[in-house]
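Presented below is the structure to which this report refers.
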Amino acid sequence: MSGLVIITFLPIIAGCILALAPLPNDTVRKASLAVTLAILAISIPLMWNFGEAYRAVSPEVSEAANSPMPFVYETNVKWIETFNINFHIGVDGLSMPFVFLTAFLCPLCILASWGIGEKVRGYFALFLLLEGGMIGTFVALDLFLFYVFWELMLLPMYFLIGIWGGPRKEYAAIKFFLYTLFGSIFLFIAMLVLYWKTGTFSLVELPGHEGLGDLKWWVQIALFLGLYVAFAIKIPAFPFHTWLPDAHVEAPTAISVILAGILLKMGTYAIFRISFPIFPVATAWFCTPLAVLAVINIVYGALCAMAQTDFKKLVAYSSISHMGFVMLGMAVYKEEAMQGAVFQMFNHGCITAMLFLLVGVIYDRAHHRDLAGFGGLVKPMPLYGGYAAFAFFAALGLPGLSGFISESLVFLGAFQEQKLLACIGTLGILLGAAYMLWTYQRVFMGPVNEKYKDYKDMNKIEIASLLPLAVMVLVLGIFPFIFLDMLAPTVSNLLAHLHVGREEYEAMRTAAEQVAMNLHP
Amino acid sequence: MSPTLLFLSGLILLGAYCAYRLTTAGAKPSPSQWVTGIVLLGGLILDNLATGMATKGLLICLLPLLSFWILMFFGRNHLPSGGDWIAMIAIGLSLCLSYSIYHQAIGAYESGDEFFYHQSEGNIASFEWIAFTNPDTGERTPWKLGFWIDSLTAIMLMVVAGISFLVHLFSLGYMKGEENYSRYFGYLGIFSFSMLLLVLTDNLFVLYICWELVGVSSFLLIGFFINKDSAAAAAKKAFLTNRVGDLGFAIGLFIVYNNFHTFSIREIFDALANGAMADSPWTLTFMGLGLFCGAVGKSAQFPLHIWLPDAMEGPTPVSALIHAATMVAAGVYLVARLFPVFNDTAFLVIAYIGTFTAIMAATIAITQFDIKRVLAYSTLSQLGYMVAALGVGAYSAALFHLTTHAFFKALLFLCSGSVIHALHHEQDMRNMGGLAGKTKVTFITMLVGTLAISGVPFFSGFYSKDKILAGALEMGMINPHHAIIFIALLLAAGITAFYMFRLIFMTFTGKPRDRHAWEHAHEGPWTMQVPLVVLAILAICSGWTHLGLGGFFQERVVPWGTEAQVATHHADAPTLFTTAAFAQEEGTAVEEHSAHGEAHDEPVANAAAMHEEGHHDVQHTAHVVAMILSILVATSGIILSALTYWERIRVIDPAKCARAMGPVYDLVYNKYYVDEFYARTFYRGLEIVRNVLARFDLRIIDGIVNGAGRVTVFTSGKSGRFDLRVVDRIVDWIAEVCQHYGQRIRRVESGVIQDYALKVGGAFGTMVILWMIVRSFFIGA
Amino acid sequence: MFDFIFFVFAFVCVGSALFVAFTPNVVHAALGLASTFATLAGFYILLGADFLAITQIAIYVGGILVLMLFGIMYTHNIARVSGEQVMMQVGPALLVVVLTLFTLVATILSTAWPAKEVGPPQPTADRIGVLLLTDYLLPFEVAGILLLVALVGAVVIAQTPVRKSIEESID
Amino acid sequence: MVGLPHFLIVSAILFSIGVFIMITRRHGIMMLMGLELILNAANLNLIAFSRYVETGIRGQTFAIFVIILAAAEAAIALAIILSIYTHSAKINLDELTSMKE
């Protein structure tokens, strides 16, 4: 049995067992930590061997545009034969990093939820279920299977926010749920239309399927837009983002980490996986609007972040800003930018996870997150201040840390296509530095607030949940090629497909212009 | 030779320091101290072993990084005396290795050999970083990271490592007993690392990385007194202002990458020399201006100069190292390193911005009372000088001034630190006075520094400043409509002399204004005095041409692509500050003259010869005139200052002057209200925009979402009422009817099980009989 | 011979069943029931169901009836077990039962049963065993679990009362 | 000649007596006896059919399951009766009318 199957189902099964077995709380915690660590242990060799395995199946550069996108570690079993639905899973360079990221973040989140005191069994069971859903979404190569996991992920999230959340948890949970469900409708419709046209759900067969050839261009665009709405909600892209701050503010720390670290990546990942390869022509049509939306996301998110007084809300808005970089990288047909976008997704996962964990640390002590209420925290908590400085600098794109590499790659690529937008987008870097430093100044620097002068520094569990992330951010910041080399063949395969679509689109446009010219000479 | 002297003195100091630590740390040296000694010895041996340039370069920059990591992780709790000795050893070894590179450069100069090392030359290792497909060639080309070591690098290494070493030494005394003592040295380590790598690298991307890293270390060090509000604010301001400049830098880099698909400086230069971008001058201009934006930020040029005075919130040695000598010079270094990518328009902008900064900052410095702020504005002004020098094409002069300025400004800052230390953190000059007798070493060394910065002959500043003025004058003579640059710079030189002596007089002469502080004033420990003396020696003699340094600059520190010895009139060099402009004008003139059938190449050859000759004339004249004028201006500045502030010969009352100037004084005293202007426009604007947007987000966008929710709730309310009043009513009615009859029927339920059995049986029997009757009825029918 | 045995059995069976129905003494009734069960086993033998006949004796007579007797003993004072048992609603009951019986018999007699040659009876135990472990494996397992559950359930339900009544009888 | 109808008639008589007992008797255990009679009547039917109609042993197998169920039912019913008895000291089930209303 392939490792992917194991890591997809292990958490789900373990979650079910935990939900039923009447174990003492401490055992539950340790058991779920063991399960997540086991998943991490399985995913590490998968990640390690991935580059070589993928290169082995990857087509020649000249052939890339005509051959289907390759995958590795595939498992393909018939599921519902009547509708040609298969249990088809596998990974390529777009999904492998995120499978790994999920496996990497989950043990840390378990550590961060060590202090959860009520309904412990339910919490950890749901958490494991969530992990299974997330990994499943990343590895699914069948649209139907993808949809199943996509929704499966939603449910535990709803309960985790709705039961263990903050004061307005019901509002936040329902908002999150309805919002995402609203998006899912579009996904569902698109899925049905695709099935109806082609008779398959396979994400390997759908790109370039001849059944799609006779789709009218406006149907393509409508489907693309529908899918975009579905995924933009998850990203979250302006103007579908307002669920995020609420969900983040109310969610418990570990759930915020998962939400920002992995769930937000689902949106962009799905665009990469579904929208782009299946509708290359519509992609070409949409890339400029997408870039504009991306820049709005960047600048708008940063400005909104600046105005927040709630620590977590600030981080939430910064997520919106940072996901804008990903969108900008996606919107241009450049290798640098695409790699940068995927890398940025990964980095944002690590960095924002750190930020949320840090917020959690102080929230556990002070029980509020009002930025104006702190001050001079470095003095009682030097270690915390140090980690916070590291994370904040990582978030504002300090060179030497991974976020900088991805952001600059995105911009290097974007500038080649969209000069003006890229220049406006760089404002985001400045604003990012502004709000991050301003926050750092308000919380950590300045005179010590008397209320907090006896606070204990971070304990071992908190350090254990932060240190791996910090190391990851630092190592990838100095040796980004570890990641990028693994990614490169996938991105160039995808780009080869996209370029074909773009040429088709250009040809269509020229033809249309010709017609217009003839009509109005 | 002074460099050798410096090197030897450094070594001696290092040895002395280690001996000092080993003897005073306790009766029994701890194992870690033994390790120190061994590492130190090993490092010295390493110096001899590391013959390859790459190894040296790597060691130079990585040693301080190592010290940073060690100090950050183990400094406070695990190392004796906070681990300061680790930082000392690291920077000491860096200095040794830097010196050996510098030594090679000087040796090559004396023997007339080439001195240039780069990854493409074969003896520098390069490191293949991330790789992308080059759209021009279609091949996967990795970004190669390597070192670029030439005379400029050598001199920069020496300046950075040398001053960094001295500042480390000074800090031992100055920072003693401060909280987070070892973190301080850690920060110095990361700064040294990034600054050294910045001057070593051959890749613009790495340069940008280091550029930001020095910004961060500057942030950390300015905000070192982290619990002080003003320090925190200043640190943030510095970083953000730098970020604004870096934005321009980044856009410049985007343009570079877009056009060349590489960040290797060498490849960019080669491509430019091969005529790339020749047909897109505007892009070239934007690229140059973008890159210059970075320099504007880091070197604190107008309009991004506001952070530097505030940065004085950091510890004084830091001000000396980062905000006077090295980091702020990075901008100048950047423009110098990328000299070939700028074109005429860019150079003009550079020149004017530099000049404006020089004169503006100088005027502000006159009015300030905080001793460090005066020095900060003086730094601004001197940086403006250097930038202006680059702008007018006085390349080697700019870097010469960078070097001398690094020495004397570091000296001045350290002296001011010594004064502040002596007066227990008193920084206001109005509370000083009469310290000359109390702190003799500080007074003398500071006087040396002041003389150097004022441009008094035989002090280093004189030579470098003179060269810059000569360059500006030369350019002014070639392009008379730009002569204002020279005049402004000359004026700034005079003002510099004036305010620097104002500082000396106010601090060291006259009656002590704060007697209590004065009585407790004392000289610092020897670790603080030694750097002052060393720097004072350097401030005097680093400019002496007969020691070879001036010549070295003149002949070796020249822009890439120009032949040595012909620094400023290479055929490919921009036309703005060469006599090529002359040549063109005259060429066209001659052409017009000889329009009647004469050979075309003859007048051109004529013109070239004339311009060669004319250029030498111009150079010579400029030199002499500039020298005389600068001496005159400096002297008059000093005299004026003495008349105003030296109590013995005072004839002018500064307060009266200030009153007489009225609004002008206020304007200058408040730094031309630039800060206030930014606060009113950018900050306020940003605040408004962000509040409006946040409200927009909450009210409109989220409002729409919630509105949709509310509409749903409203409709559901309506339909709910319909449900309740109509549908439910019917259901209720049915239920009521059922209940009514149920009440009657329920008597059948006796609760006795046998009864039930009977009824079941009876029902069964009845049904069977009925069925039979019906059946028989039908069948019978 | 077959017919004779049948009628003897039928007589005894119906007779003892009627005795059960009308005897006032519960213990007597139980004994009468035993007789009915035994004659039923006889019927089974007549019908060639040897295994079932044995099962009938073992379970009904040996198991269930003993169980009932225990039940009677627990619910009555052991000294006067023969407590008078009154019957209720005999009239309506007779009416209903006779009616039912009449319809049943009428149906049985009026139905044209398939006339089939009946071969000599064969041993059935092995065939039943095979069938139980092949075609009826799942029902068999479920029945086993059901028995187990019933056993446990009966113990749980009866535990306290039995102990109570024992304690009472000790007192 | 004794055949299927004879067995069926005996079975019908037993069934009727069983029903009669269930209706008339007040004693819980007596009612249980009636129930057993009814079940036995059914069993007799099954076996008779399996002999005369189906000529297999499936009917017998079915009868075995009925016996099993009867055993289980008897055990539970007796336990319940015992429980009721100790709870309310009543053995006559017609007196247990707390379910009424």
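Everything quoted here is computed from the prediction, not taken from an experiment. Naming convention: chains lettered A, B, ... in sequence-line order (proteins, then strands); numbering from 1 in each chain.
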B:Ile704 portion near chain A, given a 4.5 angstrom heavy-atom threshold | neither
Under 4.5 Å to a heavy atom of chain B? For A:Trp243 that would be neither
Interchain contact, A:Leu412 with chain B, by part (heavy-atom threshold 4.5 Å) = both
When you measure from the side chain of B:Trp129 to the backbone N and O of A:Ile478, does any donor-acceptor pair fall under 3.5 Å?
-> yes
Among the listed options A:Tyr300, A:Phe393, A:Phe481, the residue most often paired with chain B at heavy-atom distances under 4.5 Å = A:Tyr300
Answer yes or no: is there a side-chain heavy-atom contact under 4.5 Å between B:Asn691 and A:Met306?
-> no
Option in A:Gly397, A:Ala433, A:Ser492, A:Gly376 with maximal non-hydrogen atom pairs under 4.5 Å from chain B = A:Ala433
Applying a strict 4.5 Å limit to non-hydrogen atoms, the region of A:Lys419 in contact with chain B is side chain
Proximal component of B:Val244, with respect to chain A [non-hydrogen, under 4.5 Å] = both
Start with the C-alpha gap between A:Lys175 and B:Asp702, add the side-chain angles, then the distance that decides, and say whether side-chain contact (heavy atoms from CB on, under 4.5 Å) holds.
-> CA-CA 11 Å; A:Lys175 196 169 179 181; B:Asp702 208 24; 2.5 Å; yes
Against chain A, label B:Asn706 side chain, backbone, both or neither, depending on which of its atoms sit under 4.5 Å from a heavy atom there.
-> side chain
A:Leu303 versus B:Val692: any side-chain heavy-atom pair under 4.5 Å?
-> no
Min side-chain heavy-atom separation A:Phe415-B:Ile255 under 4.5 Å | yes
Answer key: most heavy-atom pairs under 4.5 Å with chain A among B:Gly215, B:Gly709, B:Ala233 is B:Ala233
Interchain contact, B:Ala231 with chain A, by part (heavy-atom threshold 4.5 Å) | neither
Short question: side chain of B:Asn227, backbone of A:Gly446 - any donor-acceptor pair under 3.5 Å?
-> yes
Side-chain donor-acceptor pair present, A:Gln416, B:Tyr257, cut-off under 3.5 Å | no
Note: vs chain B, highest number of non-hydrogen pairs under 4.5 angstrom among A:Leu398, A:Ile174, A:Val491 is A:Leu398
Distance, nearest 0.5 Å, that separates SG of A:Cys423 from CZ of B:Phe254 | 7.5 Å
Measuring from B:Arg690:CZ to A:Tyr435:OH, what's the distance to the nearest 0.5 Å?
-> 13.0 Å
Using non-hydrogen atoms and a 4.5 Å limit, figure out which bit of B:Ile226 sits close to chain A: side chain, backbone, both or neither.
-> both
Measure B:Phe219 against the heavy atoms of chain A and call it side chain, backbone, both or neither at under 4.5 Å.
-> side chain
Nearest heavy-atom neighbours spanning A:Met445 and B:Ala235 = CE-CB, 4.4 Å
Contact origin within B:Phe263 toward chain A - heavy atom pairs under 4.5 Å | side chain
Whether A:Glu335 side chain and B:Thr133 backbone form a donor-acceptor pair below 3.5 Å | yes
Going by heavy atoms in the side chains, are A:Leu396 and B:Phe239 under 4.5 Å from each other?
-> yes
Distance col, row A:Cys304:SG vs B:Phe696:CZ, nearest 0.5 angstrom, shows 9.0 Å
Selection from B:Val689, B:Leu253, B:Asn259, B:Leu693 maximising heavy-atom pairs under 4.5 Å formed with chain A = B:Leu693
Where is the tightest heavy-atom contact between B:Leu247 and A:Thr426, given as atom of each residue plus distance?
-> CD1-O, 3.3 Å
Report yes if the side chains of B:Leu240 and A:Trp438 come closer than 4.5 Å at any heavy-atom pair, otherwise no.
-> no
Out of A:Tyr317, A:Phe479, A:Tyr440, A:Phe444, which one racks up the most heavy-atom pairs below 4.5 Å with chain B?
-> A:Tyr317
Checking heavy atoms, do the side chain of A:Leu427, its backbone, both or neither come under 4.5 Å from chain B?
-> both
Toward chain B, the part of A:Tyr179 with a non-hydrogen atom under 4.5 Å | side chain
Could you tell me the separation between the CD1 atom of B:Ile130 and the CG atom of A:Leu487, rounded to the nearest 0.5 Å?
-> 11.5 Å
Partners of B:Lys236 by side-chain hydrogen bond (donor to acceptor under 3.5 Å, both in side chains), sequence neighbours excluded?
-> A:Gln441
Is the count of non-hydrogen atoms from other residues, nucleotides or ligands lying under 6.0 Å from B:Arg710 atom CZ greater than 12?
-> no
Please flag which part of B:Arg695 lies under 4.5 Å from any non-hydrogen atom of chain A: side chain, backbone, both or neither.
-> neither
Looking at B:Leu213 and A:Pro399, what are the two nearest heavy atoms and their distance?
-> CD2-O, 3.6 Å
Do the charged groups of A:Lys313 and B:Asp697 touch, with an N to O distance under 4.0 Å?
-> no
Less than 4.5 Å apart, any side-chain heavy atom of A:Ile429 and any of B:Asp246?
-> no
